[in-house]
Each structure stands twice: as structure tokens, then as C-alpha cells.
Amino acid sequence: MSTEISNARQFTSNQKIVKLVLDIGEQLIMCGGEVSRVEETVMRICTAYGAIKTDVFCISSNMIITSIWDNGDIITQTRRVSGMQRDFHKLELLNVLSRRI
């Protein structure tokens, strides 16, 4: 089914950014990151890539991001977060990455 979706239309660069931000947020939660810090990190990364406004709601098993972009795109994506691994080394590396962004 994912092949059908990818063939159906091209994703915008902003949609790709939100997907990658969800990937980072998911990994932060899975590695033991605090929910409020994950929300803040996701908002800061979206802003760094040009989002005008970003709303994030995280709990330990779910993330929802809605972002408004300068070209008028309004993008909402949701991610189910499964499992916790408590990997503080990986958490530290993800924090370094987010600071560089």
C-alpha cells in the first residue's frame, strides 16, 4: 500500500520535513526523553526549517504535529510511538543533532 501512496502523489518538501521531525521526536520519546522537551524540540526544528507556527501534542505513545508554513501549507501528521528503549546515549546524540539544526 505504501507504494500506491507514494505513486499517487509527490510529497512537498514541508511534508517531508514534518515526517523527519516526527522521526526525531519518536526516537527522543523511545529513548526516554521528557514529553515537554520533545514537544519543544519538535517546535524548534520546524521553526528552523521555516514553519511560521507549529503545535505539538505528545504523550508517551502518540505525537501529533500541525505546522503552518510560509507558502500557506498547513500540515498535520500523527505518529503512534511503540515501545520504550531507554537509551540515554542515543538520547544525547539526538539532542546534539537537534541543537545543530
Side-chain angles (χ1 to χ4, degrees):
M1 179 158 172
S2 63
T3 305
E4 293 174 19
I5 292 170
S6 64
N7 289 338
R9 66 181 214 144
Q10 294 287 334
F11 291 106
T12 67
S13 60
N14 294 337
Q15 288 171 320
K16 291 176 186 177
I17 290 167
V18 173
K19 188 249 185 242
L20 291 172
V21 171
L22 272 171
D23 292 343
I24 292 170
E26 177 184 31
Q27 289 301 309
L28 286 167
I29 290 173
M30 290 175 66
C31 291
E34 294 178 15
V35 168
S36 62
R37 292 185 61 118
V38 172
E39 290 175 336
E40 182 181 352
T41 299
V42 166
M43 285 190 292
R44 287 178 183 264
I45 293 173
C46 286
T47 300
Y49 279 102
I52 296 169
K53 181 175 182 358
T54 301
D55 294 315
V56 183
F57 175 73
C58 291
I59 57 176
S60 59
S61 61
N62 194 24
M63 294 178 57
I64 302 169
I65 299 175
T66 298
S67 57
I68 301 171
W69 298 81
D70 57 0
N71 66 352
D73 284 349
I74 300 173
I75 300 168
T76 299
Q77 292 187 24
T78 303
R79 173 80 51 92
R80 171 90 171 132
V81 179
S82 301
M84 298 281 287
Q85 299 169 4
R86 298 275 188 226
D87 183 342
F88 293 117
H89 177 68
K90 186 174 181 179
L91 180 63
E92 181 182 351
L93 295 174
L94 287 164
N95 282 326
V96 169
L97 172 64
S98 67
R99 283 188 208 102
R100 290 191 71 169
I101 293 171

Minimum-distance pair of heavy atoms, taken over all atoms of [X] and [Y]:
X: Tyr49; Y: Ile101; value: CE1-CG2, 3.4 Å
X: Ile29; Y: Ser60; value: CG2-O, 3.5 Å
X: Ile75; Y: Gln77; value: CG2-NE2, 3.9 Å
X: Val38; Y: Cys58; value: CG1-SG, 4.0 Å
X: Thr41; Y: Ser98; value: CG2-CB, 3.5 Å

If hydrophobic clusters are built from ILVMFWY residues whose side chains come within less than 4.5 Å, do [X] and [Y] share one?
X: Ile45; Y: Leu20; answer: no
X: Ile64; Y: Leu22; answer: no
X: Met43; Y: Ile24; answer: yes
X: Met63; Y: Ile68; answer: no
X: Ile17; Y: Leu97; answer: yes

**Asked** Does the side chain of Gln27 come under 3.5 Å of the side chain of Lys90 through a donor N or O and an acceptor N or O?
**Response**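 Yes, side-chain donor-acceptor contact under 3.5 Å.
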Interatomic distance, [X] atom [atom1] to [Y] atom [atom2] [nearest 0.5 angstrom]:
X: Ser61; Y: Arg80; atom1: OG; atom2: CZ; answer: 4.5 Å
X: Arg44; Y: Thr54; atom1: CZ; atom2: OG1; answer: 12.0 Å
X: Phe57; Y: Asn62; atom1: CZ; atom2: CG; answer: 7.5 Å
X: Ile65; Y: Glu39; atom1: CD1; atom2: CD; answer: 10.0 Å
X: Ser67; Y: Gln15; atom1: OG; atom2: CD; answer: 9.5 Å
X: Leu28; Y: Glu40; atom1: CG; atom2: CD; answer: 11.5 Å

**Request:** For atom CZ of Arg79, decide whether the heavy atoms of other residues, nucleotides or ligands shown that lie under 6.0 angstrom number more than 12.
**Result:**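 Count over threshold, so yes.
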